[in-house]
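Reviewing the structure listed below.
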Amino acid sequence: QLQLVESGGGLVQPGGSLRLSCAASGFSLDYHAIGWFRQAPGKEREGVSCISHSGDTNYADSVKGRFSISRDDYEKTVYLQMNSLKPADTAVYYCHAQQVFTGDDYWGQGTQVTVSS
């Protein structure tokens, strides 16, 4: 079964760091663009960062300079390094993969990130 599994979420103090992982099961992330999204209670899901199949990256203004996306296709994993975390970063974080040629896409189940002192 094709699946994306997020991990690495948890509780962290403001100013702290977390690294989220998105692992592909049953397929390779080659030729997939990967995005990280988040959704806080009462708010719409928003894009956080994305990385193309060739390695080009983009970031939402709210996380620019603090978050970094990277991919390890050999290990079928994409990462979101989150530094200088703020309470406003509290949300469920989801990864999304889209095959660049077919448009097939997959969502992970989400991982909770809570930033609180």
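Ala60 and Gly47 get closest at one heavy-atom pair: CB-O, 3.5 Å. Contact record, Lys43 with Gln39: O-NE2, 3.1 Å, taken as the closest heavy-atom pair. Taking each heavy atom of Ile34 and Ala97 in turn, the nearest pair found is CD1-CB, 3.3 Å. Nearest heavy-atom pair across Pro14 and Ser117 is CD-N, 3.6 Å. Contact between Leu29 and Thr77 at its shortest, heavy atoms only, is CD1-N, 3.9 Å. For the pair Lys76 and Phe27, the tightest heavy-atom approach, listed with the atom from each and the gap, is CD-O, 3.5 Å.
Under the 3.5 Å distance criterion, the side-chain polar atoms of Gln99 are matched with a main-chain donor or acceptor of Thr102. Proximity of a side-chain donor or acceptor of Gln81 to a complementary backbone N or O of Ser68 within less than 3.5 Å is not detected. In terms of modelled atom types and a separation under 3.5 Å, the side chain of Glu6 and the main chain of Cys95 share a donor-acceptor contact. Of the possible donor and acceptor atoms, one in the side chain of Arg71 sits under 3.5 Å from a partner among the backbone N and O of Ser52. Between the side chain of Thr111 and the backbone N or O of Ser7, no donor-acceptor pair lies under 3.5 Å.
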Checklist entry - Yes or no on ring-ring contact (aromatic ring centres under 6.0 Å, His included) for Phe101 and Tyr31, after CA distance, side-chain angles and deciding distance? => result CA-CA 8 Å; Phe101 297 115; Tyr31 305 109; 5.8 Å; yes
Checklist entry - Asp72 and Val78: side chain to side chain contact (heavy atoms under 4.5 Å, CB included), yes or no, with the steps? => result CA-CA 6 Å; Asp72 184 350; Val78 172; over 6 Å; no
Item to check | Step-by-step side chain to side chain contact (heavy atoms under 4.5 Å, CB included) determination, Trp36 to Ile69 | outcome: CA-CA 9 Å; Trp36 283 96; Ile69 190 170; 3.6 Å; yes
Next on the checklist: For Tyr93 and Arg38: C-alpha separation, side-chain torsions, deciding distance, then whether side-chain hydrogen bond (donor to acceptor under 3.5 Å, both in side chains) applies.
Outcome noted: CA-CA 4 Å; Tyr93 284 71; Arg38 67 186 182 187; 2.9 Å; yes
Item to check | Pair Met82-Val113, side chain to side chain contact (heavy atoms under 4.5 Å, CB included): steps then yes or no | outcome: CA-CA 10 Å; Met82 306 186 295; Val113 172; 3.9 Å; yes
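Applying side-chain contact (heavy atoms from CB on, under 4.5 Å) to Leu80 and the options Ser49, Cys22, Ser70 leaves one that passes, Ser49.
In this structure, Phe67 and Leu85 have side chains that are in contact, with non-hydrogen atoms separated by less than 4.5 Å. Between Gln112 and Thr90 the shortest side-chain heavy-atom distance falls below 4.5 Å.
Under a hydrophobic clustering in which Ile, Leu, Val, Met, Phe, Trp and Tyr are joined whenever their side-chain heavy atoms come within less than 4.5 Å, directly or via other members, Val63 and Val12 fall into the same cluster. Transitive grouping of hydrophobic side chains (ILVMFWY, heavy atoms separated by less than 4.5 Å) keeps Val48 and Val92 in distinct clusters.
For Arg45 and Phe37, the positive end is not near the middle of the six-membered ring at less than 6.0 Å and at most 45° from its axis.
Atoms OG and CG, on Ser25 and Leu4 in that order, are 9.0 Å from each other to the nearest 0.5 Å.
Side chain to side chain, His53 and Asp30 fail the donor-acceptor criterion of an N or O pair below 3.5 Å.
Residues that satisfy the salt bridge (charged side-chain N to carboxylate O under 4.0 Å, His left out) test with Arg66, not counting sequence neighbours, are Asp89.
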